[in-house]
Amino acid sequence: MKYNNKNLLQKKIIKRIFQFSFIFLIGILISDFIFSSVSIEKELKKIAIQTSVKNEEAIEEIINKYKSLLEAMAHDPNFTDKKFSMEKRIHNALPYDESMGLEAIGISNSKGDIYLTSENIIKANRLRKYFQNCLNKKKVIISSVISSKVSSKKVYIICVPVLDKRGSISSILCGIINFEEIQNMIETENKVFYSFILNKNFKLLAHSFNKNRIGKNLFDFNEVYFNKNIKNIKNNIKNNSTGSFYSYSSKNLTIYFTTYNHIKNTNWVIFTKININKYLESIVVLFITKIIITCILFVIIIKLLNNQIKKKITPVDEFLTAASNITKSNISNSTELTKVFKYSKLAFEDPLTNTLRREIFLIQGEELLKSVDTFLNTLLLFIDLDNLKGINDYLGHEYGDKAILEFSIKIKIFLNKYDFIISRFGGDEFLVLIENLTKKDLEYIRDNINKALTGELISENKIQKYSASIGGSIYNLRNNYSLNTLINYADSALYASKSKGKNCITYYNF
């Protein structure tokens, strides 16, 4: 079978690189997407909990403002002294009523009759149950949210016991307070991050923006609850427990995270709800943008990589093409053919350092000089490993081989960011041809390469250090030399470096 496909090996390598790199990059992007989603989710949960606590504290502050007023009035003789008639006591309460903007202030007599400022000293027996509850429990009572018969607005009642000199409850003092202040406190136009208040019957008392939901049951909105079932949530609410849950609305295809806290001394629960979709949308948009940018960069890199692989692999493809033309008529036996392929790699590379053999370097170097940009610089380095003899003599030849291998690796690492080919030219000598260099690149290599190529080997407390003596010659528009001429000039520069005491670099024509 003939090797008819041109550049087949090159195409296979690019294909494999493309496949594995693409999978790797997509894996990184997906991991980044998951990590970003989890991080944002944690941050949103933290913000939701903090907001819920903040709202709870703000509501309690509003309630405590009125509670403190009523408790102060409960110790004022104007409201506790029995020498004043009920009418007089109510009259004394009018300034407090007006200054605090209350719906009404109420006082009960010993018979349980209730007088209100808003009803012009008329008995208000319809409030008796809240007063009775306060009387029985002998503590401050805060009612549910109810409709006022005076203004038809939503109100709540705070009842405070009034004690006589013996510490017995002589009457009950109450404030009927407009619930609108609490409603206004949680109002917002933000439909992504909002709050609402619920009573123990799961009816909405207030909502940040959707007043049409007030009075309706929270669990009538056809949402699916992920991490907790409805029964657990209801039990938590009834038991004054805090909690959180995820839900999904099929109506608007939205995922929500909700957290809730009980408001002290009331039967109210404050909920804070986050529309997760809005935040996920931004992550998805960012994720898609990253994919597009990555794909564009990936295509550019593959094209650049293809050019570099072409330079390296073309001789191999040519070898395989030539080898495919070998037939039984021009080769004596199959054993020889086997040897051709077995040792083909050895024909190209030095087995110790995996660098090009001298002959291959000379061929590829000539081809490279034909294609380089002469407006930039191409640098040929002749690098000699200093002190190899000392390493062989004092540590042994196996350490000599180790030094050569380490030395070749250090060269590759230092020049990694450049386009280059490298050959083990002799026992301890290396040739490197580096293309497309600016003047700054030449200066950088000159100023840093010796430091990068120094090292040491240790055996049984014996230390042998090694370094590099380097000569360089430059090919560009002004110095249009052949490869052999560049090698000769670099060799002369190497000799100059050795004359200076080794471990340095000299450029022949910089």
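Below, each value reflects all heavy atoms present in this structure, side chains not excepted, and no hydrogens, waters or symmetry copies.
Under the 30°/60° scheme for interplanar angles, the aromatic rings of Tyr194 and Phe209 are found to stand perpendicular. By the 30° and 60° cut-offs, the orientation of the rings of Phe245 relative to Tyr260 is tilted.
Ser108 approaches Ser171 most closely through the heavy-atom pair O-CB, 2.9 Å. Residue Cys159 comes nearest to Ile172 through the heavy atom pair CB-CG2, 4.0 Å, listed as atom of the first residue, atom of the second, then distance. Taking both residues in full, the closest heavy atoms of Asn275 and Lys191 are given as CB-O, 4.4 Å, listed atom of the first, atom of the second, then distance. Nearest heavy-atom pair across Phe257 and Ala48 is CE2-CB, 3.9 Å. Between Leu457 and Ala403, the closest heavy-atom pair is CD1-CB, 3.6 Å. Shown here for Glu180 and Lys153, the closest heavy-atom pair between the two residues is OE1-NZ, 4.2 Å.
With rounding to the nearest 0.5 Å, the separation of CZ in Phe430 from CD1 in Ile470 is 12.0 Å. Interatomic distance, Leu218 CG to Ile233 CD1, rounded to the nearest 0.5 Å: 8.0 Å. Distance CG/Asn212 to NE2/His207: 10.0 Å, rounded to 0.5 Å. Once rounded to the nearest 0.5 Å, the distance linking CD of Glu103 with CD1 of Ile177 reads 10.5 Å. Distance check, rounded to the nearest 0.5 Å: CD1 of Ile458 to NZ of Lys465 gives 9.5 Å. With values rounded to the nearest 0.5 angstrom, Asn236 atom CG is found 8.0 Å from Thr242 atom OG1.
For the pair Glu43/Ile47, a side-chain contact is recorded, criterion being any heavy-atom separation below 4.5 Å from C-beta on. Considering only heavy atoms from C-beta on, Met100 comes within 4.5 Å of Leu69 through its side chain. Tyr475 is not listed as a side-chain neighbour of Leu379, based on a closest heavy-atom distance of 4.5 Å or more. By the 4.5 Å heavy-atom criterion applied to side chains, Ile146 and Ile157 are counted as neighbours. Counting heavy atoms from C-beta outward, Thr353 and Ile404 have side chains that approach closer than 4.5 Å. Using a 4.5 Å heavy-atom threshold, the side chains of Ile141 and Ile158 count as separate. Under the 4.5 Å side-chain criterion, counting only non-hydrogen atoms from C-beta, Ile383 is in contact with Phe407. In this structure the side chain of Ile182 reaches within 4.5 angstrom of the side chain of Ile197, judged on heavy atoms.
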Margin query: Run Tyr96 and Met73 through side chain to side chain contact (heavy atoms under 4.5 Å, CB included) and show every step you take.
Written below: CA-CA 9 Å; Tyr96 293 92; Met73 291 174 64; 3.9 Å; yes
Check: Going through the checks in order, is the side chain to side chain contact (heavy atoms under 4.5 Å, CB included) test met by Leu376 and Leu437?
Finding: CA-CA 6 Å; Leu376 295 171; Leu437 300 176; over 6 Å; no
Margin query: Apply side chain to side chain contact (heavy atoms under 4.5 Å, CB included) to residues Leu70 and Cys174 and explain how you reach the verdict.
Written below: CA-CA 7 Å; Leu70 293 169; Cys174 81; 5.7 Å; no
Next item on the list: Please test Leu116 against Ile90 for side chain to side chain contact (heavy atoms under 4.5 Å, CB included), starting from the C-alpha separation and ending with a verdict.
Entry: CA-CA 7 Å; Leu116 297 176; Ile90 284 294; 5.8 Å; no
Notebook entry, point to check: Between Ser467 and Asn450, does a side chain to side chain donor-acceptor pair (under 3.5 Å) hold up when you go through it step by step?
Noted result: CA-CA 7 Å; Ser467 59; Asn450 283 98; over 6 Å; no
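Between the side chain of Glu456 and the backbone N or O of Tyr466 there is no donor-acceptor pair closer than 3.5 Å. Panel note: side chain Ser208, backbone Ser195; a donor-acceptor pair is recorded below 3.5 Å. Looking only at distances, a side-chain donor or acceptor of Tyr507 sits under 3.5 Å from a matching main-chain atom of Leu442. Under the 3.5 Å distance criterion, the side-chain polar atoms of Asn64 are matched with a main-chain donor or acceptor of Glu60. Asp441 contributes a side-chain N or O that, together with a main-chain N or O of Thr438, makes up a donor-acceptor pair within less than 3.5 Å. Checked by atom type and distance alone, the side chain of Asn92 pairs as donor or acceptor with a backbone atom of Asn78 at under 3.5 Å. At distances below 3.5 Å, at least one donor-acceptor pair connects side-chain atoms of Asn277 with backbone N or O atoms of Ile255. With hydrogens and angles disregarded, no donor-acceptor distance shorter than 3.5 Å links the side chain of Thr254 to the backbone of Ser249. At distances below 3.5 Å, at least one donor-acceptor pair connects side-chain atoms of Thr266 with backbone N or O atoms of Ile263. Judged purely by atom type and a 3.5 angstrom limit, Thr259 uses its side chain to pair as donor or acceptor with the backbone of Gly243.
The side-chain tip of Lys439 does not point at the ring of Tyr444 from less than 6.0 angstrom away and within 45° of straight on. Cation-pi geometry between Lys154 and Phe179 is not met at under 6.0 angstrom from the ring centre and within 45 degrees of the axis. Lys234 forms a cation-pi arrangement with Phe202, by the criterion of a distance under 6.0 Å to the ring centre and an angle within 45° of the ring axis.
In this model, no donor atom of one side chain and acceptor atom of the other lie less than 3.5 Å apart for Ser52 and Asn55. Between the side chains of Thr378 and Glu435, no donor-acceptor pair of N or O atoms lies under 3.5 Å. Using a 3.5 Å distance cut-off with no hydrogens or angles, the side chains of Asn503 and Thr454 do not pair a donor with an acceptor. With 3.5 Å as the limit, one finds a donor-acceptor pair spanning the side chains of Asn377 and Asn476. Side-chain polar atoms of Tyr418 and Asn436 form no donor-acceptor pair below 3.5 angstrom. Of the N and O atoms on the side chains of Glu181 and Tyr66, at least one donor lies less than 3.5 Å from an acceptor on the other residue. Side-chain atoms of Thr117 and Asp97 form a donor-acceptor pair, as typed in the model, at a separation below 3.5 Å. With hydrogens and angles left out, the side-chain atoms of Lys200 and Asn240 include a donor and acceptor closer than 3.5 Å.
For Lys410, the NZ atom is densely surrounded, since the number of other residues' heavy atoms within 6.0 Å is greater than 12. Surrounding NZ of Lys412 are more than 12 heavy atoms belonging to other residues, nucleotides or ligands, all under 6.0 Å away. Within 6.0 Å of the NZ atom in Lys65, the count of heavy atoms belonging to other residues, nucleotides or ligands exceeds 12.
Arg89 pairs in a side chain to side chain contact (heavy atoms under 4.5 Å, CB included) with only one of the listed residues (Leu173, Ile107, Val162), which is Ile107. Of the residues Leu415, Ile411, Ile434, the one that meets the side chain to side chain contact (heavy atoms under 4.5 Å, CB included) test with Ile422 is Ile411.
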